[in-house]
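Sequence positions, counted from 1, serve as the residue numbers for this chain.
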Amino acid sequence: TWAVPTYVNAISAFVELAHTTSKRDHLRMARYRHIYAEAIAVSAYSLLYGLGDARVAKGKPINLARYQNLAGGNYFK
């Protein structure tokens, strides 16, 4: 759902891995658990450090300074 990025006042990421109600997806997740775990780890890492030379995706790190130097104060405090 879009509830987390829409209604939570925090930096968030939405990673869709599979439909747990789908028997095929459920079996795939059980069989390839290590691949799914790596995908989640790479997603979290890319938010902080970005991905430069990835096989599938490229991305820039999130600009944390933007949130630390807000006019109203540090967003994280």
Between CD1 of I35 and CD1 of I40, what distance do you get to the nearest 0.5 Å? 12.5 Å
What is the minimum heavy-atom distance between R28 and Y36, and which atoms define it? CD-OH, 3.5 Å
In one Ile/Leu/Val/Met/Phe/Trp/Tyr side-chain cluster, 4.5 Å: M29, L27: no
